[in-house]
**Q** 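Just dropping this structure here.
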Amino acid sequence: MSTHTLLSAPTVKARRPRPRIRNRRSSHARPTRSVLLTVLTALVGIYALIPLVWLLINATKTQPDLFSSFGLWFSGEFALWDNLTGVLTYNDGVFGRWFLNTLLYVVLGAGGATLLALLGGYGLAKFSFPGKRAVFAVVIGAVAVPGTALAVPTFLMFANMGLTNTPWSVIIPSLISPFGLYLMWTFAAEAVPDEIMEAARIDGASEARTFFQVALPMLAPGIVTVLLFTVVATWNNYFLPLIMLRDPDWYPLTLGLNAWNQQATTAGGEAIFNLVITGALLTILPLIAVFLLLQRYWQSGLAAGSVKE
């Protein structure tokens with residue numbers, strides 16, 4: 001074959017297989033579903049919701065119907081409004097005082113614990129100082145120690161200071177949250193890039209201004225998470241008020257409802273199980289409302305990774 005023939009011959013291009021875009025899109029649009037995971041999630045959801053359903057149903061029953069009807073279904077008489085009235089008016093409306101006490105402990109205790117965890121976690125994450133490793137070891141050790149193990153030493157210390165049977169004996173221990181401090185420490189280390197802080201300092205911003213105007217908005221999801229943990233822990237706190245408080249006027253809801261429940265076991269005491277169940281329902285409603293109101297902050301975007309390296 002001559003050179004002229006090779007040059008004049010048409011060039012044949014090899015056909016390349018086209019990518020199957022449709023299959024690729026469909027694989028992204030349809031995530032893989034696991035039947036086992038769906039069943040396990042449903043079982044966990046049922047396990048978590050059954051106590052709430054039982055509480056809601058039995059709050060509509062009278063005292064005799066609690067023992068004569070099926071626990072997971074309504075009885076013939078709908079007594080929810082009567083039970084609510086009884087809870088709010090029983091013993092001169094002491095339930096309202098217990099609610100205000102619990103609110104006081106949550107606002108000062110849980111709010112203060114969140115503030116201290118925020119300041120401490122931010123400082124430990126973004127500043128270097130001698131003994132930082134030792135502080136980290138102490139925080140991890142404090143997380144591992146259960147609160148009940150510190151109850152008796154805390155009581156002895158507050159008794160020597162004369163603070164038992166006062167609101168401060170519940171508020172001050174609630175200010176310490178090792179888990180909240182550790183959570184804010186790890187969150188601030190990733191959520192607030194060092195480059196953004198250096199840029200603010202170069203622009204002449206002080207450390208306080210850098211914290212409030214630059215770092216604080218980025219820490220909002222972590223703050224809400226710590227706040228929820230501390231609010232739930234303080235709202236459901238039972239053992240600490242049990243050993244610290246003797247005056248029923250300073251009881252939180254947990255201790256007050258337990259006192260109502262124990263009336264049936266005392267000589268001449270009145271059994272008011274219907275009021276205890278209805279009071280427990282009223283106790284969990286604020287927690288449900290807090291979770292629903294603050295849920296959107298969990299889904300907010302984090303600043304970690306926003307700086308392109």
Side-chain angles (χ1 to χ4, degrees), residues 51-66 74-75 77-115 147 151 158 163-175 227-266 268-294:
L52 298 179
V53 174
W54 182 92
L55 192 64
L56 178 61
I57 292 175
N58 287 272
T60 64
K61 298 180 181 180
T62 61
Q63 176 96 346
D65 289 339
L66 289 174
F74 299 93
S75 62
E77 183 179 356
F78 189 81
L80 177 61
W81 309 119
D82 295 336
N83 290 336
L84 290 175
T85 303
V87 168
L88 299 177
T89 58
Y90 185 79
N91 198 10
D92 297 330
V94 70
F95 184 87
R97 181 175 180 84
W98 292 341
F99 180 84
L100 294 178
N101 292 339
T102 305
L103 197 62
L104 174 67
Y105 300 150
V106 167
V107 171
L108 297 182
T114 304
L115 178 61
F158 277 78
L163 294 178
T164 56
N165 202 30
T166 64
W168 298 110
S169 61
V170 179
I171 295 173
I172 294 177
S174 301
L175 295 174
L227 179 63
L228 286 176
F229 276 113
T230 54
V231 165
V232 172
T234 307
W235 192 276
N236 296 328
N237 196 359
Y238 172 77
F239 190 68
L240 181 65
L242 177 64
I243 66 174
M244 290 292 186
L245 302 176
R246 297 185 306 273
D247 188 358
D249 290 338
W250 290 116
Y251 280 0
L253 287 171
T254 53
L255 207 57
L257 291 177
N258 181 69
W260 280 4
N261 189 49
Q262 295 297 323
Q263 286 185 185
T265 62
T266 59
E270 181 185 5
I272 50 173
F273 296 121
N274 59 327
L275 301 187
V276 173
I277 293 175
T278 308
L281 178 63
L282 294 177
T283 301
I284 66 173
L285 290 180
L287 291 180
I288 296 176
V290 169
F291 270 90
L292 293 178
L293 291 175
L294 298 181

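Nothing fancy with the numbering, it's 1 onward along the sequence. In what follows, every heavy atom counts, from backbone to side chain, and hydrogens, waters and symmetry copies are set aside.
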**Q** Of all the heavy-atom pairs spanning Q263 and E270, show the shortest one and how long it is.
**A** NE2-O, 3.0 Å

**Q** Measuring from I57:CD1 to L52:CG, what's the distance to the nearest 0.5 Å?
**A**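 The CD1 atom of I57 sits 11.0 Å away from the CG atom of L52.
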
**Q** What pairs of donor and acceptor atoms, side-chain ones from residues 271-286 against any protein atom, are under 3.5 angstrom apart with sequence neighbours left out?
**A**
residue, atom, partner, partner atom, Å
N274, ND2, N83, OD1, 3.1
T278, OG1, N274, O, 2.8
T283, OG1, G279, O, 2.7

**Q** Which heavy atom of P173 sits nearest a heavy atom of L240, and at what distance?
**A**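 For P173 versus L240, the nearest heavy atoms are CB-CD2, 3.8 Å.
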
**Q** With a 4.5 Å heavy-atom cut-off, do L227 and T230 have their side chains touching?
**A**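 Yes, their side chains come closer than 4.5 Å.
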
**Q** Should the heavy atoms of other residues, nucleotides or ligands under 6.0 Å from CZ of F229 be counted, would the total exceed 12?
**A**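 Not buried by this count: 12 neighbours or fewer within 6.0 Å.
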
**Q** Does T166 reach the side chain of F158, with side-chain heavy atoms less than 4.5 Å apart?
**A**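 The answer is no, as the side chains (C-beta and beyond) never meet within the 4.5 Å cut-off.
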
**Q** Could you check if a side-chain atom of K61 sits within less than 4.5 angstrom of a side-chain atom of N58, using non-hydrogen atoms only?
**A** yes

**Q** What's the separation between atom CG in L84 and atom CZ in F95, rounded to the nearest 0.5 Å?
**A**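 CZ of F95 is found 9.5 Å from CG of L84.
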
**Q** Is the closest side-chain heavy-atom distance between V231 and L287 below 4.5 Å?
**A** yes

**Q** If you measure from CG on L55 to OG1 on T60, what distance do you get to the nearest 0.5 Å?
**A** 10.5 Å

**Q** Please report, to 0.1 Å, the donor-acceptor pairs under 3.5 Å made by any side chain of residues 241-259, with sequence neighbours excluded.
**A**
residue, atom, partner, partner atom, Å
D247, OD1, D249, N, 3.2
T254, OG1, N237, O, 2.8
N258, ND2, Y238, OH, 3.1

**Q** Are T102 and F99 packed together at the side-chain level, in the sense that at least one heavy-atom pair is separated by less than 4.5 angstrom?
**A** no

